[in-house]
Amino acid sequence: MFGRDFQRKYALTDQGVKNTKTATFWTVIVNLIVMGGMGILYMMMTKYMDTLTAGTSLSGAGLFLILVLVFVILSLITHLQQYRATYGLVYGEVKSVRISLAERMRKLPLGYFGKRDLADLTETIMGDVNRLEHVWSHCLGYLYGSYISTAVIAIMLFSFDWRLALACLWGVPVAFILLFGSRKINKRHSEITKEAGIQVSDGIQETLENIREIRATNQEKKFLKELNDKIDHHEKTMLSGELSCGIFVNAASVIMRLGVATTILTGTKLILSGQVDFMVLFMFLLVITRVYAPFDQALALIAEMLMSQIAASRLMEIHDTKTAEGADSFNPKGHDIVFDNVGFAYDDEQVLRQVSFTAKEGEVTALVGPSGSGKSTCARLAARLWDVPEGTIRVGGVDINSVDPEVLLSDYSMVFQDVVLFDDTVMENIRLGKHGATDDEVKAAAKAANCDEFVEKLPQGYDTPIGENGAKLSGGERQRISIARALLKNAPIVLLDEATASLDVENETKVQEALSRLLAGKTVLVIAHRMRTVEAADKIVVLADGKVAEEGSPSELLGKENGIFKRMAQLQSESAGWSIA
Ligand code: ADP
């Protein structure tokens, strides 16, 4: 009952399965003790009826009092245990599931985050786990405990009087068959509702993230309408889901309760024919309400159980995705980066084909080529942000696919176009480059990255909060902060994506100065957009259609008749824009 399938179905940890077993155990005990209470009541009533009919005085009241007292005490203790086992233990489970999810995500290849976006993953960590939490605490122990205790009670009832037991319990299997039969329909509804819910969160997130662009382009109405449509659609799917589930659940509940009517009918018939005593019917009627009660609770939560299974499968999908693993140590001989016949595709479309080149330590290697030729992809692969499926990439002779990405990345600094800044102070944003760096180290790096003069103008200097994702800073300032981070880290390999579009001339010079300090003596792989950078590079690799089209020093390539690079350089100088991207 509590095997691997059960564990996966409800996304439980090993401890979670143990907790469910404990909750089930206590539910069985609680249900049986409640039945014991019914037994005491039955015995008291029988005794009382005997006294009434025989006209004798009531005896044994003391014994009954003791029995009732024992029942009350046992009932209290077992209910308390059940409460602890169901609600108490579950909160620990929620925490460990969230932490293990986050741990898992840390190790997933970046490609995975393209398949499931941020709203979707947030929904899993928060919404799905919440939903599961409710099921773990409110449903599993109760439901499975009720299965077992009902089976025990059914055996007892059948041994007491099989005809009444049948009249009383026939509805339970019929109700469950109906529910299991409708599971496919209800699951489909739940899936549609879930998808519609994610669309709504996606829509809200997209609107908030792009609020500036939306306003600047007067698109508010269009975006609001789209969002409204998504919310309406979600509401409709929820309503139809609830309706479909409600019909089946209520039908099941009614069928189960028909047992009361059939018990009364059968009981009356048996009493009239003198086959059973009135008190037996009385006992069955008492028991029947207790048999239905836990199932009623489970029925009310059946929609949630179905939802939770979808939530669990979304959660398990994260757990089942292969993580990027590797050795904990990385001891390369030097830091030359060697691409050896590398091939790569994001989805089906081949982006890189047999790419081979070497970026030497102490040199600047510039990747050049038209937009979409695979420059950024090469840079990402060099840092194992994606795994290389064909060919190998070696750093100092070590295949990077064999090294744990976290260990590997400690040797890399990345200065990319989309600088990620946190809603914290300038100081803390730079300190991210090196865990535990002192304030003086941070300031020295900031100075070398030319951050000094703009930080001094901020109201609280280095302690100024910079807003969500650095909203209060200009493009050039953001970039200099990310360079300061990289300087602080001082890693032997620098991957650099030059972005000039947003920079004015003064900023550009400042960024250039900062960069030249960062790059000295490192293995530098730069996605070059500026002619100046390209000309100053030690080596140029020209990519076209995912292949290396040309390779060599700037002077070699400029001297090549009909060379691609030469043509690009000519075009650029004619347009005077000096922008190659
Ligand atoms: P470049 O940096 O030279 O402009 P990229 O390496 O960014 O080129 O992109 C190469 C190709 O891969 C393009 O066709 C682009 O659309 C595609 N691509 C880039 N990133 C992704 C991604 N995350 N998922 C799917 N396709 C991508």
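Note that ligands are numbered from 1 as they come in the structure, with each ligand's atoms numbered from 1 the same way. Throughout, numbering of the chain's residues begins at 1 and tracks the sequence.
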Heavy-atom gap Gly369 to ligand 1 smaller than 4.0 Å: no
Contact between Pro370 and ligand 1, counting heavy atoms under 4.0 Å?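 It does; at least one heavy atom falls under 4.0 Å.
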Would you say [X] has any N or O atom under 3.5 Å from an N or O of ligand 1, going by distance alone?
{"X": "Ser376", "value": "yes"}
{"X": "Gly374", "value": "yes"}
{"X": "Glu349", "value": "no"}

Charged N-O contact under 4.0 Å between Glu556 and Lys560: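 The answer is no: the pair does not qualify as a salt bridge.
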Hey, is Arg131 close enough to Asp128 for a salt bridge, meaning N to O under 4.0 Å? yes
Within the 4.0 Å heavy-atom shell around [X], which atoms of ligand 1 are there?
{"X": "Ser371", "result": "4 (O)"}
{"X": "Arg380", "result": "20 (N)"}
{"X": "Lys375", "result": "1 (P), 2 (O), 3 (O), 4 (O), 6 (O), 8 (O)"}
{"X": "Val351", "result": "10 (C), 11 (C), 12 (O)"}

Give every donor-acceptor pair under 3.5 Å between a side-chain atom in residues 227-237 and any protein atom, sequence neighbours left out.
from, atom 1, to, atom 2, distance (Å)
Asp229, OD2, Lys225, NZ, 2.9
Thr237, OG1, His233, O, 3.3
Thr237, OG1, His234, O, 2.7

Fit a plane to each ring of Trp386 and Phe344, take the angle between them on a 0 to 90° scale, and name the class: parallel (under 30°), tilted (30 to 60°) or perpendicular (over 60°).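 Perpendicular: the ring planes of Trp386 and Phe344 meet at over 60°.
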Counting only N and O atoms by type, is there a donor-acceptor contact under 3.5 Å from the side chain of Glu456 to the main-chain atoms of Glu453? no
Look at the side chain of Arg215 and the backbone N and O of Glu220, then say whether any donor-acceptor pair between them is shorter than 3.5 Å.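 Side chain of Arg215 to backbone of Glu220: no pair is present.
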Applying a heavy-atom cut-off of 4.0 Å, say which part of Thr377 lies close to ligand 1: side chain, backbone, both or neither.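 Under 4.0 Å from ligand 1, Thr377 contributes backbone and side-chain atoms.
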Salt bridge (charged side-chain N to carboxylate O under 4.0 Å, His left out) pairs, two or more places apart, involving residues 354-368: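 Of all non-adjacent pairs touching residues 354-368, none passes salt bridge (charged side-chain N to carboxylate O under 4.0 Å, His left out).
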